[in-house]
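Worksheet for the structure shown next.
These numbers come from the heavy atoms of this one structure, side chains and all, not from hydrogens, waters or symmetry mates.
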Amino acid sequence: MTVDDTNSGEGTDPPPEESVHSTPHHEVDHTAEPTHDPLAIRLESLILGADRRYTPFQAARTAGVSMDLASRFWRAMGFADIGQAKALTEADVLALRRLAGLVEAGLLSEPMAIQVARSTGQTTARLAEWQIDSFLEGLTEPPEPGMTRTEVTYPLVELLLPELQEFLVYVWRRQLAAATGRVVQAADDEEMVDRRLAVGFADLVGFTRLTRRLEEEELGELVEAFETTSADLVAAHGGRLIKTLGDEVLFAADDAGTAGEIALRLVEAMAQDTTMPALRVGIAFGTVTTRMGDVFGTTVNLASRLTSIAPKDAVLVDGAFAQELTRTGDAPASEAQAAEEAAAAAERVRTAEKEGRRPDEEPPLPTYRFGLQPMWQRPVRGLGVVEPWLLARRGKPAG
């Protein structure tokens with residue numbers, strides 16, 4: 001909620017010389033001008049837990065925060081301009097006090113507090129939009145003729161709100177615990193910010209043509225099915241879904257073996273669904289910068305480029321990813337090496353049988369999860385010449 005510092009509130013003094021530059025934002029207006037619709041007023045009061053009573057300047061002054069800092073917090077959270085309308089509640093005042101208190105106590109720097117506000121605002125704005133568009137829309141279908149959707153909405157929200165709030169906090173704590181665990185296990189302090197990860201893009205082939213052929217509802221269902229399947233597979237096999245981009249998903253994993261398993265399972269899952277177009281995946285391994293839940297850097301760019309040149313229903317990886325798989329024993333250095341190892345194991349068994357020893361007491365043959373096939377070197381825009389490798393599965397999928 002970006003605000004200006006012109007005081008139009010009742011019984012207030014003009015703010016000190018602080019300026020706020022309003023800028024357009026794509027985020028949802030969470031604090032629009034007060035409405036006169038009785039049901040809308042009741043719903044807002046129910047959700048916010050309090051009535052509107054403060055202008056932005058009054059809220060900032062009550063919280064003991066400068067108008068400039070309050071405005072930057074509200075902008076970061078994605079709130080729209082409301083001028084000096086009386087649109088804020090005690091919760092808004094408390095939120096300002098908490099953020100400003102963290103800065104004053106030295107627990108967060110001011111830029112970090114702004115970043116916390118922005119990441120929280122962007123994430124929850126998308127969540128709220130999804131819940132209203134998909135969740136509440138289906139549940140508030142009038143159960144009886146003559147009833148309106150709005151008449152059903154209030155009691156439904158009243159019942160769901162406390163449960164959804166508790167569930168949101170639970171999931172956030174779980175995710176925070178997992179993220180904290182990954183960070184503290186980093187090898188050194190530098191890796192806690194710039195970490196070595198496997199990053200992969202999975203892209204639906206021919207999606208642009210599909211948008212011309214399918215109805216909007218069909219296209220929406222296809223995208224939702226793709227995102228749901230991808231999210232479930234990535235999570236189930238130990239990866240993290242970074243973001244979805246309609247016909248493409250970006251995921252990351254702490255090790256190459258996990259990322260390879262996810263990539264192949266994605267291809268296999270889409271191939272089994274006759275309604276889905278073909279999938280192609282590109283993965284790279286290396287140093288990645290993480291910010292606000294997203295990933296950046298050359299490794300990410302390389303994964304994106306590999307995806308664009310990958311064959312249909314296939315996974316392309318970079319040389320660093322291939323080396324990591326061989327280092328961890330998830331793939332042989334070459335098929336020739338795998339054949340030599342198999343021949344040596346067979347010879348040991350024959351020798352044991354001749355000497356009267358049990359063959360099962362001999363060292364077992366190495367078991368590799370993946371196979372790697374080198375592809376032609378090629379120039380990649382902005383990244384020079386790369387040698388991609390085609391990743392395939394050896395044997396049956398685990399699980």
Side-chain angles (χ1 to χ4, degrees), residues 1-105 107-129 131-132 153-154 157-158 161-162 164-165 168-169:
M1 171 197 58
T2 311
V3 293
D4 60 41
D5 55 359
T6 304
N7 174 30
S8 60
E10 299 176 357
T12 59
D13 299 321
E17 296 180 359
E18 298 167 337
S19 62
V20 177
H21 303 283
S22 298
T23 54
H25 295 281
H26 66 276
E27 301 294 349
V28 180
D29 177 1
H30 295 281
T31 51
E33 291 287 346
T35 177
H36 297 294
D37 185 302
L39 178 61
I41 293 173
R42 289 176 60 218
L43 273 171
E44 180 188 86
S45 180
L46 171 66
I47 294 171
L48 296 180
D51 296 326
R52 297 182 175 201
R53 57 178 298 184
Y54 298 105
T55 67
F57 172 67
Q58 290 170 337
R61 190 176 66 173
T62 304
V65 176
S66 73
M67 191 63 204
D68 179 65
L69 182 58
S71 298
R72 280 184 283 140
F73 281 147
W74 286 324
R75 274 199 298 268
M77 284 184 272
F79 297 159
D81 286 333
I82 63 168
Q84 284 299 320
K86 189 170 286 189
L88 304 181
T89 72
E90 290 290 348
D92 295 290
V93 172
L94 181 59
L96 282 179
R97 282 179 182 156
R98 282 176 170 159
L99 274 176
L102 292 172
V103 174
E104 290 172 4
L107 294 173
L108 294 179
S109 66
E110 190 172 302
M112 194 178 299
I114 296 292
Q115 194 175 63
V116 167
R118 178 167 289 111
S119 62
T120 306
Q122 290 179 357
T123 302
T124 53
R126 184 182 181 192
L127 174 63
E129 282 292 297
Q131 288 175 334
I132 292 299
T153 301
Y154 187 92
V157 171
E158 190 173 29
L161 187 62
L164 290 178
Q165 178 175 314
L168 175 62
V169 173

### Task
Kindly determine whether Ser71 and Asp68 satisfy side chain to side chain donor-acceptor pair (under 3.5 Å), including the steps that lead there.
CA-CA 5 Å; Ser71 298; Asp68 179 65; over 6 Å; no
### Message
Quick one, Ser109 and Met112 - any side-chain contact, counting heavy atoms below 4.5 Å?
### Response
yes
### Task
Check Leu168 against Leu127 and note the closest heavy-atom contact, atom names and distance.
CD1-CD2, 3.8 Å
### Message
When you measure from the side chain of Ser119 to the backbone of Val116, do you find a donor-acceptor pair of N or O atoms at a distance under 3.5 Å?
### Response
yes
### Query
Taking the side chain as C-beta and beyond, is there a heavy-atom pair between Leu99 and Leu69 under 4.5 Å?
no
### Task
Please name the pair of heavy atoms, one in Ala60 and one in Ala70, separated by the smallest distance, quoted to 0.1 Å.
CB-CB, 3.8 Å
### Message
For a quick test of reading the model, state the closest non-hydrogen atom pair linking Val93 to Thr62 and the distance between them.
### Response
CG1-CG2, 3.9 Å
### Message
Using side-chain heavy atoms (C-beta onward) and a distance below 4.5 Å, is Arg61 in contact with Tyr54?
### Response
no
### Query
Does a side-chain heavy-atom distance below 4.5 Å link Gln122 with Met77?
no
### Message
Once rounded to the nearest 0.5 Å, what's the spacing between atom NZ of Lys86 and atom CG of Asp51?
### Response
12.0 Å
### Message
For Gln84 versus Phe57, what's the shortest heavy-atom pair and its separation?
### Response
OE1-N, 3.2 Å
### Query
At their closest point, which heavy atom of Phe73 faces which heavy atom of Ala113, and how far apart are they?
CE2-CB, 3.8 Å
### Task
Could you tell me whether the side chain of Leu43 reaches within less than 4.5 Å of the side chain of Val157, counting heavy atoms only?
yes
### Query
So how far is it from Arg52 CZ to Leu88 CG, rounded to the nearest 0.5 Å?
8.0 Å
### Task
Kindly compute the distance separating CE (Met67) from CD (Gln58), expressed to the nearest 0.5 Å.
10.5 Å
### Message
Run Arg98 and Leu94 through side chain to side chain contact (heavy atoms under 4.5 Å, CB included) and show every step you take.
### Response
CA-CA 6 Å; Arg98 282 176 170 159; Leu94 181 59; 3.7 Å; yes
### Query
Say you draw a straight line from CD1 of Ile114 to CZ of Arg118; how long is it, rounded to the nearest 0.5 Å?
7.0 Å
### Query
If you measure from OG1 on Thr124 to CD on Glu129, what distance do you get to the nearest 0.5 Å?
11.0 Å
### Query
Which residues satisfy the salt bridge (Lys or Arg N to Asp or Glu O under 4.0 Å) test with Glu158, sequence neighbours excluded?
none
### Query
Are any non-hydrogen side-chain atoms of Arg72 and Glu110 less than 4.5 angstrom apart?
yes
## Note on the structure
Shortest non-hydrogen pair, Ala59 vs Leu96, comes out as O-CD1, 4.1 Å
